[in-house]
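To keep things clear, I will list the structure first and then write my remarks on it.
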Amino acid sequence: MKIAFVGKGGSGKTTLSSLFIRHLAATGAPVVAIDADINQHLGAALGLDEAEAAGLPAMGERLPLIKDHLRGTNPRIASSATMIKTTPPGEGSRLLRVREDNPVYDACARPVELDPGTVRLMVTGPFTEADLGVACYHSKTGAVELCLNHLVDGRDEYVVVDMTAGSDSFASGMFTRFDITFLVAEPTRKGVSVYRQYKEYARDFGITLKVVGNKVQGPDDLDFLREQVGDDLLTTVGHSDWVRAMEKGRPPRFELLEDANRRALHTLLTAADATYDSRDWDRYTRQMVHFHLKNARSWGNERTGADLAAQVDPGFVLGETAVAPA
């Protein structure tokens, strides 16, 4: 299952995604965690110290390797240089699977030991001084989008992405790459403003969107969220001494997380698992192609000097039965 965490800056999005990742790891499920936020705090939230987090390999810096692997023997892609962030897979493309070992994971993923369990962590990489004034952060998250386009995941396998803050993720088609999106919202007008934006933008794409109320302190906060987001409110999370200790670098054993917050994480997992039976790989592939053609016309053809519409394999549908070349 592919799961996104979104929300305004400071909403607790990264903290909630890290707790959910820990919850998944504690069940023994295979997990790939991806930090696609410009602030790059997921590693620290999963317990890495500053040096360990800074030493994680950046996906954005390994984009040529990623493209070369995913291209495989696809005859519609003349070279990896003509691949852009939205390039869809076709016959001959190499696909990524959660449980496997492959050159992309070897180069970009690192195991993180949790309490208990282990997850694979991948990061887009920070916005560097060299990028200032000349680059957009979406050039880095493009590596994530390309991997998601080639990812085949099954039941009880999880890819959790900590997304960019606010509505920035709508600058690409990546917002359509998930089975469910959890929007973390505080019980304030600013807290729910991103929800309204996300709801409006996602309306025509069949996005499954659920709100997780964070920093909820009492009935008044809960009533406010219910009034503002209605049935999209899935669960709420309140104050956590466990989280406060984690943020100080001294997390207790995960089993000591407060019961109410543990139940909230279980509610998130139940909601994510429930989307499996409604998966529509045809629609997923159509949306992938839609954004690829849109990007090709807008800038991709000019930048690569190729007709990127020709990369679309009309007979290919991504799905669990799709076969990649050896």
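Side-chain atoms are counted along with the backbone in the values below, which use heavy atoms only and exclude waters and symmetry mates.
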Results of side-chain contact (heavy atoms from CB on, under 4.5 Å) for Ala309 - residues two or more places apart only: Leu293, Asp307
Between Arg71 and Ala78 (side chain of the first, backbone of the second, donor and acceptor by atom type, cut-off under 3.5 Å), is there such a pair? yes
Decide yes or no for Asp259 and Arg263: does some side-chain heavy atom of the first lie under 4.5 Å from some side-chain heavy atom of the second? yes
Any salt bridge linking Glu145 with Arg177? Criterion: basic side-chain nitrogen under 4.0 Å from a carboxylate oxygen. no
Tell me, do Thr86 and His290 make a side-chain contact under 4.5 Å, heavy atoms counted? no
With distance as the sole criterion, is a donor-acceptor pair present between the side chains of Asp273 and Tyr158 under 3.5 Å? yes
Would you mind reporting whether Val194 and Val6 have side-chain heavy atoms less than 4.5 Å apart? no
What do you reckon, are the aromatic ring centroids of Tyr201 and Phe175 less than 6.0 Å apart? no
Of Ile180, Val211, Thr267, the one forming a side chain to side chain contact (heavy atoms under 4.5 Å, CB included) with Leu234 is Thr267
Hey, are the side chains of Met288 and Pro89 touching, using non-hydrogen atoms and a 4.5 Å cut-off? yes
Glu100 side chain to Arg97 backbone, donor-acceptor under 3.5 Å: yes
Determine whether Leu269 and Leu114 fall in the same hydrophobic cluster, where Ile, Leu, Val, Met, Phe, Trp and Tyr are linked whenever their side-chain heavy atoms lie under 4.5 Å apart. yes
Between CD1 on residue Ile38 and OG1 on residue Thr141, distance to nearest 0.5 Å: 9.5 Å
Residue from Val159, Ile66, Val32 passing side chain to side chain contact (heavy atoms under 4.5 Å, CB included) with Cys147: Ile66
Holding to side-chain contact (heavy atoms from CB on, under 4.5 Å), I want the full list of residues that pass it with Thr304, two or more places apart in sequence or in another chain. Ile84, Ala306, Leu308
Identify whether the distance between the nearest side-chain nitrogen and carboxylate oxygen of Asp156 and Arg99 falls below 4.0 Å. no
Decide whether Val243 and Val184 are clustered together by the hydrophobic rule: side chain heavy atoms of Ile, Leu, Val, Met, Phe, Trp, Tyr closer than 4.5 Å, transitively. yes
Could you pull out all donor-acceptor pairs under 3.5 Å where a side-chain atom in residues 248-258 meets a protein atom, sequence neighbours excluded?
residue	atom	partner	partner atom	Å
Arg253	NE	Glu255	OE2	3.0
Arg253	NH2	Glu255	OE2	3.0
Glu258	OE1	Ser240	OG	2.9
Glu258	OE1	Asn261	ND2	3.2
Glu258	OE2	Ser240	OG	3.3
Glu258	OE2	Asp241	N	2.8
Glu258	OE2	Trp242	N	3.2

Ion pair check, Asp68 and Arg62, cut-off under 4.0 Å: no
Rounded to the nearest 0.5 Å, how far apart are OG1 of Thr235 and CG of Leu268? 6.5 Å
Using side-chain heavy atoms (C-beta onward) and a distance below 4.5 Å, is Gln311 in contact with Asn74? no
Which atom pairs, donor and acceptor, lie under 3.5 Å between side-chain atoms of residues 21-28 and protein residues at least two apart or in another chain?
residue	atom	partner	partner atom	Å
Arg22	NH2	Ala45	O	3.1
Thr27	OG1	Leu24	O	2.6
Thr27	OG1	Ala29	N	3.4

Sidechain-backbone polar pair: Ser298 side chain, Asn295 backbone, donor-acceptor under 3.5 Å: no
Output yes when Arg279 and Asp153 qualify as a salt bridge under the 4.0 Å nitrogen-oxygen rule, no when they do not. yes
Please tell me if the side chains of His292 and Thr87 come closer than 4.5 Å, counting only heavy atoms from C-beta onward. yes
Hey, any chance Val229 and Ile207 share a hydrophobic cluster, counting ILVMFWY side chains that come within less than 4.5 Å of each other, even indirectly? yes
Contacts of Thr270 meeting side-chain contact (heavy atoms from CB on, under 4.5 Å) (sequence neighbours excluded), chain-then-number -> His266
Least distance between heavy atoms, Gly213 atom then Leu233 atom: N-CD1, 4.0 Å
Take Val144 and Met122 through the side chain to side chain contact (heavy atoms under 4.5 Å, CB included) test and state the conclusion after the steps. CA-CA 9 Å; Val144 180; Met122 304 172 73; over 6 Å; no
Roughly how far apart are Gln228 CD and Tyr195 OH, rounded to 0.5 Å? 9.5 Å
For the pair Phe20 and Phe182, name the ring-plane relationship: parallel under 30°, tilted 30 to 60°, perpendicular over 60°. perpendicular
For the side chain of Arg110 and the backbone of Leu56, is there at least one donor-acceptor N/O pair under 3.5 Å apart? no
What distance separates Phe178 CZ from Leu209 CG, expressed to the nearest 0.5 Å? 12.5 Å
Using 0.5 Å steps for rounding, measure from the CD1 atom of Ile3 to the OG1 atom of Thr208. 11.5 Å
Should Tyr105 and Leu121 be counted in the same cluster of Ile, Leu, Val, Met, Phe, Trp and Tyr side chains packed under 4.5 Å apart? no
Just jot down the side-chain contact (heavy atoms from CB on, under 4.5 Å) partners of Lys215, sequence neighbours excluded, or say none. Glu186
When clusters are formed by joining ILVMFWY residues with side-chain heavy atoms under 4.5 Å apart, either directly or through shared neighbours, do Leu46 and Leu265 land in the same one? yes
Enter the distance from Asp221:CG to Asn214:CG here, rounded to the nearest 0.5 Å. 11.0 Å
Between the side chain of Gln287 and the main-chain N/O of Gly206, is any donor-acceptor distance below 3.5 Å? no
Just by distance, do the side chain of Asp179 and the backbone of Ala272 share a donor-acceptor pair under 3.5 Å? no
